[in-house]
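Down below is the structure, laid out as structure tokens.
Values below: every heavy atom of this structure, side chains too, minus hydrogens, waters and symmetry copies. Here is how names work: the chains are called A, B, and so on, in the same order as the sequence lines, proteins then strands, and each is numbered from 1.
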Number of protein chains: 2
Amino acid sequence: MANILDVALKAKVSIATVSRVVNKSDHKVNPATREKVLAAISELDYRPNALAKGLLKKKTMTIGIIIPDISNPYYAEIVRGIQDVADAAGYAVTLHNTDKRKGGIARYVYLLREKSADGIIFSGGIIDGGETVSILGELRGKAVVIGRHDVDFPAVMVDNVEGADQAVQHLFDLGHGRIGFIGGPDGSTTALDRLVGYKKALVRNGIKHVPGLVKKGTWNPESGYLLGMELLQGKARPTAIVAANDQMAFGAIKAAKVFALRVPEDLAVVGFDDVPLGSYFDPALTTVKIPMHDMGAASMMTLLNLISGKPVEKIRLFRTTLQVRGSTVKLLEKGIKK
Amino acid sequence: MANILDVALKAKVSIATVSRVVNKSDHKVNPATREKVLAAISELDYRPNALAKGLLKKKTMTIGIIIPDISNPYYAEIVRGIQDVADAAGYAVTLHNTDKRKGGIARYVYLLREKSADGIIFSGGIIDGGETVSILGELRGKAVVIGRHDVDFPAVMVDNVEGADQAVQHLFDLGHGRIGFIGGPDGSTTALDRLVGYKKALVRNGIKHVPGLVKKGTWNPESGYLLGMELLQGKARPTAIVAANDQMAFGAIKAAKVFALRVPEDLAVVGFDDVPLGSYFDPALTTVKIPMHDMGAASMMTLLNLISGKPVEKIRLFRTTLQVRGSTVKLLEKGIKK
DNA sequence: TTGAAAGCGCTAACAG
DNA sequence: CTGTTAGCGCTTTCAA
């Protein structure tokens, strides 16, 4: 691999000059000299070493993303949004999954610091213990968080309380009185907010809160299925279920099938997120849409501002929108409703 | 940010000594001295700078992944497999999506070279033009490819020909004679192999190949839906469809609904990949299972061997397995069949 | 307009 | 067992 000295030698100039033409600096360099250098560069297929440059400039043009699991379509969509913006701005992105690994977030924060990442975006997962908090402290000024408000960073959020509220209201308007809830795990602020919204709508509509109708899952289809089974086998089964994400909603629908319940006639189901495949299910899934791609993109834009020292909004709040489809309302299905 | 000199000063030793205790080298260092250094390190919260180390050792403990799109669950699953192995081995992973961007693969190969990535894994997408080939040439010895055999790198493959063959055979055994095929785009070796397997099974079973029954899509649900519509509206509609991936199969099933065709009674559908949500669909999707996570993991293991100079197998071939579910066979649905 | 030289933070001989 | 020193490849004053 050719380095800057090789180029300098071949072009018969100093490495300083090579550096100048490579970086298109404002520093004047004679056109003829520039040509010689350019020729040497292409002949040697020279590419500047980003490590050396990063060491000197204290800027690596790399940011890190810390999420629970990329194979969860919710995070995949967010990551895509981040990458689209990062890539356009010339930043590379390293990805880190926290689940199934001890140490969780802290481990990757340290790793990213060692690698001199210019910034970190994290989403989901549970921040554990005080140690982590201090670690996050040193990141101040170069981290953005998506979907949680328990740490002091610029945040891109979505109004989960309102979203869950919309879901329940929709069901209530449809005549449902016994509405079950399959929530997320303890410790997740997203799960908490969605539960709060569920209860809020219940209260407003004068529906009595039945603790047995509320379950806590782990976001995946299996847990939605299992919890759906629990909910449905009780004597006083709900006529509708709100799941805290689409994956669990799919599981709940599967459970309904086991009990030979028709969806939406015997059981209405509302999901959360609006994952790409939701509109292809049968029945198509009614869900609370979260603009995941846009949120990912917004978080990266905020990080970009943070990095370049521009002012950033402390909280960027996105709104949810209810996507009504076949899992709550029987409708003539003609074509794809996206 | 404290550096090695800060630590050395505080511990009243030389930076060489600090380096020795940090790297736990075999070089002997007095226990008492080690303690002093360790104390200084934790007091200053010192972490070695990976850039400086990488510059010197020519090893960054970072590899790059180049894929078309992380929001496609097929790739998300592969990436997860890669990351699980990479992470366990201490490697960080940078992710790059090629679609919607000019330059495609070449652009990222260059970027990864600048950043001194220790290796590259790529999957999917179309390698374009001769320029790219030469770029790939310089990577020899540090790249692994998943699911394609048109470039000369160690490859992790899956027998796509056999998989498509299995799908068609399954349909034929069920009594289907008019079997449609929704394939992938031109230029994709995966798409080609699956088409070859389809035709192969047709020939073996003496089924006449009808060109109009073969369509080429773009892997996403929308294209499966559109092509499914085309296939189904002809006068001589197929009684079964094999889609080259699950996403398009979901789209085709949606199309069947539009024509009020029951699945599997009026139209049997087989997908490809076995994406996580397939078993939650109604009907659950019969599909040709590809061990995506394992393939991702295997590719990273191969890359690890490549990096450490160990011998590697030129081709690691995985087999497909047919997952028979409700979209081809009417069965008593009890519980989840995964 | 060009070049020389000082580092960025770290590892690895080589001395002592 | 510990310290000194020469770079890894690059950018950036400061001189010329």
Side-chain angles (χ1 to χ4, degrees), chain A residues 1-41 44-62 90 110-118, chain B residues 1-41 44-62 90 110-118:
Chain A
M1 276 273 315
N3 63 20
I4 198 170
L5 183 57
D6 297 326
V7 176
L9 258 25
K10 163 153 289 206
K12 297 183 197 313
V13 297
S14 72
I15 61 173
T17 300
V18 175
S19 176
R20 286 177 191 122
V21 350
V22 168
N23 295 296
K24 307 175 184 34
S25 72
D26 42 358
H27 199 113
K28 288 287 169 267
V29 34
N30 188 307
T33 314
R34 157 169 286 113
E35 284 316 312
K36 280 194 306 182
V37 174
L38 254 20
I41 286 177
L44 295 170
D45 193 25
Y46 166 75
R47 295 248 126 192
N49 181 319
L51 255 37
K53 183 168 185 169
L55 184 56
L56 204 52
K57 306 280 291 293
K58 270 123 178 46
K59 193 141 192 322
T60 54
M61 296 304 282
T62 300
Y110 273 127
L111 181 67
L112 257 6
R113 174 153 60 107
E114 285 181 21
K115 292 195 183 296
S116 306
D118 292 338
Chain B
M1 276 274 315
N3 62 21
I4 199 170
L5 183 57
D6 297 326
V7 176
L9 257 26
K10 165 153 288 208
K12 298 182 197 314
V13 296
S14 72
I15 61 171
T17 300
V18 176
S19 176
R20 284 174 194 126
V21 350
V22 167
N23 295 296
K24 306 176 185 33
S25 71
D26 42 359
H27 201 113
K28 287 285 169 267
V29 34
N30 187 307
T33 313
R34 156 170 285 115
E35 284 315 312
K36 281 194 306 183
V37 173
L38 255 18
I41 286 176
L44 295 170
D45 193 25
Y46 166 75
R47 297 247 126 192
N49 181 319
L51 256 37
K53 184 168 182 169
L55 185 56
L56 203 53
K57 307 281 289 295
K58 271 124 179 42
K59 192 138 193 323
T60 54
M61 295 306 282
T62 300
Y110 273 127
L111 181 67
L112 258 5
R113 180 165 40 119
E114 284 182 21
K115 290 194 183 298
S116 307
D118 293 338

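- Of the candidate nucleotides D:dT11, D:dC8, C:dC8, D:dC8 has the atom nearest to the side chain of B:Lys58.
- The interatomic distance linking A:Asn3 (CG) with D:dG9 (P) rounds to 5 Å, in whole Å.
- Listed by residue number, the members of residues 5-18 of chain A with any heavy atom below 4.0 angstrom from DNA chain D are A:Ile15, A:Ala16.
- Here C:dC10 presents its P atom at 10 Å from CD of A:Glu114, a figure rounded to the nearest Å.
- For A:Ala52, counting side-chain heavy atoms from C-beta on, the closest listed nucleotide (C:dT1, C:dT11, D:dG9) is D:dG9.
- Taking for each of B:Val29 and A:Val22 the nucleotide of DNA chain D with the nearest heavy atom, the 5'-most of the two is the partner of B:Val29.
- Between the base of D:dG3 and the side chain of B:Arg20 there is a donor-acceptor pair shorter than 3.5 Å.
- Shown here for B:Leu51 and A:Leu55, the closest heavy-atom pair between the two residues is CD2-N, 3.7 Å.
- Atom CG in A:Leu56 sits about 8 Å away from atom C1' in D:dT12, given to the nearest Å.
- Proximity of a side-chain donor or acceptor of A:Lys53 to a complementary backbone N or O of A:Lys59 within less than 3.5 Å is not detected.
- Counting to the nearest Å, the C1' atom of D:dG7 and the CG atom of A:Leu51 are 15 Å from each other.
- For the residue pair A:Lys10 and A:Ala40, the shortest heavy atom distance occurs at CG-CB, 3.6 Å.
- Within the structure, every side-chain polar atom (N or O) of B:Asn49 is placed at least 4.0 Å from both OP1 and OP2 of C:dG9.
- Contact annotation: side chain of A:His27 to base of C:dT2, donor-acceptor pair present below 3.5 Å.
- One N or O on the side chain of A:Asp6 and one on the backbone of A:Asn3 form a donor-acceptor pair closer than 3.5 Å.
- In this structure a side-chain-to-backbone donor-acceptor pair under 3.5 Å is missing from A:Thr62 to A:Ala117.
- Taking every side-chain heavy atom of B:Tyr46 into account, C:dC10 is the closest of C:dC10, D:dT2, D:dC8.
- Taking a cutoff of 4.0 Å between a charged side-chain nitrogen and a carboxylate oxygen, A:Lys58 and A:Asp118 do not qualify as a salt bridge.
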